[in-house]
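In what follows, a structure is listed as structure tokens, so that the remarks can point back to it.
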There are 2 protein chains.
Amino acid sequence: MNFQQLRIIRETVRRNFNLTEVGNALFTSQSGVSKHIKDLEEELGVELFVRKGKRLLGLTDPGKDLLVLVERMLHDAQNIKTLAEQYSQCDVGQLTVVTTHTQARYALPKVITEFKKSFPRVRLKLHQGGPQEIIDMLLGGEADIAIATEGLAEMPELALFPYYRWHHALVVPVGHPLLERTPLSLEAIADYPIITYHAGFTGRTRIDQAFADASLTPDVEMTALDADVIKTYVELGLGVGIMASMAFNPQRDEGLRLIDARHLFPENITSIGVRRGHYLRGYAYRFIELCADHLTEQVVRSASNPLGNQDAL
Amino acid sequence: MNFQQLRIIRETVRRNFNLTEVGNALFTSQSGVSKHIKDLEEELGVELFVRKGKRLLGLTDPGKDLLVLVERMLHDAQNIKTLAEQYSQCDVGQLTVVTTHTQARYALPKVITEFKKSFPRVRLKLHQGGPQEIIDMLLGGEADIAIATEGLAEMPELALFPYYRWHHALVVPVGHPLLERTPLSLEAIADYPIITYHAGFTGRTRIDQAFADASLTPDVEMTALDADVIKTYVELGLGVGIMASMAFNPQRDEGLRLIDARHLFPENITSIGVRRGHYLRGYAYRFIELCADHLTEQVVRSASNPLGNQDAL
DNA sequence: TATCCTTACGGAATTCGTAAGCATG
DNA sequence: CATGCTTACGAATTCCGTAAGGATA
């Protein structure tokens with residue numbers, strides 16, 4: 001058993017059991033891939049893949065069990081390398097943060113400016129993605145830190161930390177009748193076409209929930225991934241916008257008005273997530289501390305080690 | 001990075017940094033060991049060992065951090081092999097149970113008889129050891145299951161399950177004055193020389209605690225590792241015995257009498273322990289089920305997976 | 001027929017072990 | 001001077017990639 005074999009097993013599953021692709025992905029020959037698989041199966045005395053003739057179709061039961069261990073081992077191998085870099089070049093490296101548009105645009109700029117100043121030699125990769133992509137990148141080890149409001153569900157593989165709380169607000173064009181309706185009600189809003197976030201983005205779930213609880217079926221005219229698009233179409237008069245209040249800028253958004261709506265929609269919590277057992281460089285902890293003072297390295301480490309206890313460092 | 005290198009790192013620590021011994025232990029040459037260490041350090045760009053001249057003295061800080069990951073990876077490698085055997089030869093294999101004399105002698109015979117009948121092709125190794133040895137064997141992966149009353153402290157690496165409850169009792173020679181003292185009191189017992197278990201064995205802690213709580217200092221004349229020795233000396237008239245009640249056999253122990261003492265000493269709980277993340281063969285779960293009906297495979301698996309949650313199978 | 005996997009085989013690279021050299025206590 | 005680590009170098013082994021062959025859709 002060697003690491004190349006393990007990498008091949010993992011890659012074979014990822015590439016849908018096409019060994020030719022696996023060979024390309026791992027920069028080796030297809031024949032070698034084939035042989036490695038056979039060797040490993042022989043060594044273990046178990047067939048790992050379901051075959052039909054010469055094609056591979058999927059994992060056998062033992063293969064499925066094995067894959068879990070294989071992935072952990074390869075992840076640990078990565079951790080070892082990261083750990084070594086940590087010591088050899090402690091302020092040089094890379095940090096990948098995956099997040100949504102809303103956070104990237106409105107919450108993170110301050111944090112990132114600060115971080116770049118403190119760690120000029122760390123290459124910060126800010127990757128913008130949807131809920132599924134965020135989770136996949138975290139679990140796949142491609143991203144170190146995730147920041148999102150939705151989608152970061154409680155999973156045993158992830159450790160989540162509340163970052164900040166915020167509310168949705170209404171955005172309307174100057175002079176819109178809703179500006180006169182105080183107090184604002186869900187019923188009043190439901191009379192107009194609504195422009196808001198896509199399902200699964202930036203607290204959209206909470207919005208739907210609020211209307212559903214009030215037995216209202218709002219007319220969602222249009223959905224967008226980000227507040228900038230929402231504002232654009234509200235300004236064009238296509239409807240009223242429901243979006244994160246921090247995305248409104250009184251100076252720049254001259255033609256629009258913000259209406260507080262914290263009494264109508266449940267509070268949203270934007271969380272920071274890391275994968276348990278994923279080795280984080282020192283500066284990754286600094287990044288999290290920059291986001292929220294209370295999320296110290298100790299707090300994050302103890303909550304994110306695989307055993308869920310406090311004996312780490 | 002390859003497995004041989006990792007094995008060498010681990011073994012180097014275990015063998016107190018004597019590379020010659022490491023070579024012998026891993027059935028390879030000492031020069032190869034030396035080179036592997038150097039290669040790995042070079043690849044990682046970090047010194048893993050503290051050196052004085054040409055001698056290795058200990059781990060550096062990065063070395064310490066690394067060792068944790070290395071051990072998990074090697075453990076996973078072992079798990080993979082065990083897992084494969086599980087499928088290739090599902091009722092053939094080996095099961096190592098480490099336990100104390102008391103359990104081996106009085107609690108387990110029935111379980112083991114039953115187990116051997118169900119799994120004739122599994123080689124059952126029953127290893128008898130003291131508290132420290134039991135823990136070391138579990139953590140080192142040499143034993144699959146531990147059964148003990150003391151010493152199996154709550155550790156994050158271990159999952160513990162209550163097996164059965166029992167009490168200490170008094171054992172005296174026929175015609176001993178304590179047989180007339182009803183109700184029996186700690187004070188009365190403390191008047192006689194006492195023969196009981198070694199510190200740390202078979203609930204000895206509870207016995208000491210009971211006397212201490214009553215502000216008594218008993219005269220512990222002699223200590224033994226097992227009840228058979230205790231009974232022998234009680235029979236010789238050297239003192240009164242305090243031992244596990246299930247170790248008394250009215251037929252065989254003719255010259256002795258048992259006096260119930262459950263009102264004097266706290267209850268003891270004998271536990272079954274497994275190491276989290278240590279892969280157990282199917283028959284290992286059967287063994288535990290034979291001990292206690294309620295400890296089904298599902299119960300044990302969900303409590304002993306490293307994340308401590310219920311999503312395992 | 002185009003794609004995909006297996007096997008065979010020669011060359012490349014890695015690993016291993018002996019032996020000699022040097023440091024330590 | 002006995003023990004222990006490093007380095008050097010040839011031998012053994014393993015790994016890799018090309019190429020040919022057979023199976024599948």
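Letters go in sequence order (proteins before strands), and every chain restarts at 1.
In this structure, of C:dT24, C:dT6, C:dG21, it is C:dT6 that holds the atom nearest to the side chain of A:Q30. Candidate nucleotides D:dA23, C:dG17, C:dT6 were compared by shortest atom distance to the side chain of A:S34, and C:dT6 ranks first. For B:Q4, counting side-chain heavy atoms from C-beta on, the closest listed nucleotide (C:dG21, C:dC16, D:dT18) is C:dC16. Taking only side-chain atoms of A:K52, from C-beta outward, the nucleotide of D:dG4, D:dA25, D:dT6 with the closest atom is D:dA25. Of the candidates C:dT6, D:dG17, D:dC16, the closest approach to any side-chain atom of A:H36 belongs to D:dC16. When each of D:dT3, D:dC16, C:dT18 is scored by its nearest atom to the side-chain atoms of B:S29, the top-ranked nucleotide is C:dT18. In the set C:dG17, D:dA19, D:dC5, the nucleotide with an atom closest to the side chain of B:S31 is C:dG17. When distances run from any side-chain atom of B:K54 to the nucleotides D:dT24, D:dG4, D:dC16, the shortest one goes to D:dG4. In this structure, the nucleotide among C:dT18, C:dT24, D:dT6 sitting nearest to the side chain of B:L19 is D:dT6.
For the OP1/OP2 pair of D:dC15 and a distance below 4.0 Å, the side-chain nitrogens and oxygens of A:N2 include at least one atom meeting the criterion. Within the structure, a side-chain polar atom (N or O) of B:K38 is placed less than 4.0 Å from OP1 or OP2 of D:dT7. Note on B:N18: every side-chain N or O is 4.0 Å or more away from OP1 and OP2 of D:dT3. For C:dT6, one of the phosphate oxygens OP1 or OP2 lies less than 4.0 angstrom from a side-chain nitrogen or oxygen of A:R51.
No side-chain N or O of A:E142 forms a donor-acceptor pair with one of A:H127 less than 3.5 Å apart. Using modelled atom types and a 3.5 Å distance limit, the side chains of B:Y279 and B:D76 yield no donor-acceptor pair. At a cut-off of 3.5 Å, with distance as the only test, no side-chain donor of A:Q298 or A:R301 sits close to an acceptor on the other residue.
B:H75 and B:H278 have tilted rings, their planes meeting at an angle from 30° to 60° on a 0 to 90° scale.
Regarding A:N24, its CG atom lies at a distance of 14 Å from the C1' atom of C:dC5, rounded to whole Å.
Side-chain contact check for B:H36 versus B:Q5: some heavy-atom pair is nearer than 4.5 Å.
Within 4.0 Å (heavy atoms only), A:F17 reaches sugar-phosphate atoms of the nucleic acid but no base atom.
Remark on DNA chain D: of its neighbouring residues A:Q5 and B:L56, the 5'-side contact belongs to B:L56, judged by nearest-heavy-atom nucleotide.
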